[in-house]
Amino acid sequence: PGLRGVDVDGLRAAFADDPSWHLAVTATLVGAGRGAVETAVAALKASRAAGATGPAGQPVVADAATAVDAARLLLWDAASQGVDGDAARVARGLARLLALDALTTALSAAEAVCGAEAFRPGTPLE
């Protein structure tokens, strides 16, 4: 049944001895952000092919792509830090925080470019 009703404290305790799960969560966030950016870029290309002119939506998508790329670089840095020590813990936390922020930026950009169709069942963002 997924994570519904799961004991969150028990889950935290299970992962407490394995800090690499932070990297896995961060990688998932970065991947979802990249998917949202790619969806937005595809929508911009389709709009351009349909005859739209002007930069509508492009700056927002460019900002989202930059945020996702920065999150990916911080993920790589956190992964290279190892698992022990305060510096590694801080690097993992910063990478996860920026990845979450980048994901929300990318989802907002995709929604702005795609409109209500962005979350239609069967689409990548749904």
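- Taking A88 as the reference, Q81, R92 meet the side-chain contact (heavy atoms from CB on, under 4.5 Å) condition, with sequence neighbours excluded.
- Every residue meeting the side-chain contact (heavy atoms from CB on, under 4.5 Å) condition with A99, not counting sequence neighbours, appears here in chain and number order: T26, L29, V30, A71.
- For residues 102-115, the set of pairs meeting the salt bridge (charged side-chain N to carboxylate O under 4.0 Å, His left out) definition, not counting sequence neighbours, is empty.
- At a threshold of 4.5 Å between side-chain heavy atoms, the hydrophobic network of Ile, Leu, Val, Met, Phe, Trp and Tyr places W21 and L74 in two separate groups.
- The minimum heavy-atom distance linking A78 with A95 is given by the pair CB-CB, 4.1 Å.
- With sequence neighbours excluded, the residues forming a side-chain contact (heavy atoms from CB on, under 4.5 Å) with A43 are V113, C114, listed by chain and number.
- Cluster membership for L100 and V25, using ILVMFWY side-chain heavy atoms within less than 4.5 angstrom, is shared.
- Grouped by direct or indirect side-chain proximity (heavy atoms under 4.5 Å, Ile/Leu/Val/Met/Phe/Trp/Tyr only), V60 sits alone.
- Taken from CG in L94 to CG in L75, the straight-line distance is 12.5 Å, to the nearest 0.5 Å.
- Of all non-hydrogen atoms in V61 and A40, the two that sit nearest each other are CG2-CB, 3.7 Å.
- Scored by the side chain to side chain donor-acceptor pair (under 3.5 Å) test, D84 finds no partners at all (sequence neighbours excluded).
- Residue pairs meeting the side-chain hydrogen bond (donor to acceptor under 3.5 Å, both in side chains) criterion with at least one member in residues 93-105, sequence neighbours excluded, are H22-R96.
- By the 4.5 Å side-chain criterion applied to Ile, Leu, Val, Met, Phe, Trp and Tyr, L73 is assigned to a cluster that also includes W76.
- By the salt bridge (charged side-chain N to carboxylate O under 4.0 Å, His left out) test, R34 is found to be paired with D69, residues two or more places apart in sequence or in another chain being considered.
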